[in-house]
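Working notes, beginning with the structure itself.
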Amino acid sequence: MINNGDFIVQNSSSYTNEYSNFPHKIITQHHFMDADNSIASLINKINSYKLQGNFDIASKLISENANLLSHYIIDATTINTIEEEIRNVQVMALQKHQCVYYDETEPEFCAVGDLWEGGT
């Protein structure tokens, strides 16, 4: 069984770039907004179609209004982008962060570049 420390070591050496270009480009700011009267009727119409099981019509409305809705509705791509950007920031932090351990026993997790000063 892989523990959290092993997982971090095995997955901290490379960035993933399926959705995000961080650290090669700045993280995307999405500027989400709460629904207001200007968009409420469209969102209600989409939700009504979903509740009725008319997902094709709801999907078509979303596609036709993608630019407008992108500020109000979070989709899977947005969530995947945010997750990948968080992961890439963690990778960068692990690569730039160094710890020094002072203890009689070996620390549970050490990253490459960390220092361990064992007692005698």
Side-chain angles (χ1 to χ4, degrees):
M1 186 164 119
I2 191 167
N3 68 33
N4 192 38
D6 292 335
F7 177 81
I8 292 170
V9 169
Q10 291 174 7
N11 292 286
S12 67
S13 61
S14 62
Y15 297 104
T16 54
N17 298 111
E18 185 176 353
Y19 296 94
S20 166
N21 288 315
F22 182 84
H24 311 293
K25 290 187 179 177
I26 292 179
I27 292 175
T28 304
Q29 288 187 321
H30 298 281
H31 303 290
F32 296 110
M33 299 184 294
D34 290 329
D36 57 21
N37 288 335
S38 68
I39 194 76
S41 64
L42 177 59
I43 292 174
N44 287 336
K45 190 184 297 185
I46 291 167
N47 288 337
S48 176
Y49 283 125
K50 287 180 183 179
L51 289 172
Q52 296 169 19
N54 294 324
F55 298 106
D56 290 339
I57 297 170
S59 179
K60 184 179 178 201
L61 277 175
I62 292 169
S63 296
E64 290 171 350
N65 296 283
N67 285 340
L68 181 61
L69 292 170
S70 66
H71 299 288
Y72 298 94
I73 297 177
I74 297 175
D75 60 5
T77 299
T78 304
I79 292 170
N80 290 335
T81 301
I82 292 168
E83 276 189 328
E84 186 171 88
E85 288 171 342
I86 291 169
R87 182 200 176 278
N88 286 344
V89 168
Q90 290 171 318
V91 169
M92 177 182 262
L94 284 171
Q95 291 174 353
K96 300 211 181 271
H97 178 260
Q98 183 181 46
C99 291
V100 178
Y101 298 94
Y102 299 94
D103 200 344
E104 298 272 337
T105 59
E106 186 175 345
E108 180 182 335
F109 167 71
C110 284
V112 174
D114 285 353
L115 303 172
W116 173 41
E117 178 71 30
T120 47

Specify the closest pair of heavy atoms between F32 and S70, including all atoms of both residues, with the distance to one decimal. CE2-O, 3.6 Å

Hey, are the side chains of N88 and N17 touching, using non-hydrogen atoms and a 4.5 Å cut-off? yes

Is there a path from I74 to L69 through hydrophobic residues (I, L, V, M, F, W, Y) whose side chains come within less than 4.5 Å of each other? no

Partner of Y19 under side-chain hydrogen bond (donor to acceptor under 3.5 Å, both in side chains), chosen from T77, N80, T81: N80

Nearest 0.5 angstrom please: I73 CD1 to N47 CG, how far? 7.0 Å

Hydrophobic clusters here meaning ILVMFWY residues chained together by side-chain heavy-atom distances under 4.5 Å, can you tell me if I43 and L68 are in one? yes

If hydrophobic clusters are built by linking Ile, Leu, Val, Met, Phe, Trp and Tyr wherever their side-chain heavy atoms come under 4.5 Å apart, do I82 and F22 end up in the same one? no

If hydrophobic clusters are built by linking Ile, Leu, Val, Met, Phe, Trp and Tyr wherever their side-chain heavy atoms come under 4.5 Å apart, do I62 and F55 end up in the same one? no

Are any of the side-chain heavy atoms of V89 and I27 separated by less than 4.5 Å? yes

How far does CD1 of I46 sit from NZ of K60, to the nearest 0.5 angstrom? 12.5 Å

Less than 4.0 Å between a side-chain N and a carboxylate O, is that true for R87 and E83? no

Tell me whether E85 contacts the main-chain N or O of S20 through its side chain, where contact means a donor paired with an acceptor under 3.5 Å. no

Shortest non-hydrogen separation from H31 to H71 and the atoms involved: O-ND1, 3.7 Å

Side-chain H-bond candidate by donor/acceptor type, Q52 with S48, under 3.5 Å: yes

I need the K50 NZ to S59 OG distance, nearest 0.5 Å. 9.0 Å

Contacts under 3.5 angstrom, residues 35-42 side chains, donor-acceptor by atom type, not counting sequence neighbours:
residue : atom : partner : partner atom : Å
D36     : OD1  : S38     : N            : 3.0
D36     : OD1  : S38     : OG           : 2.5

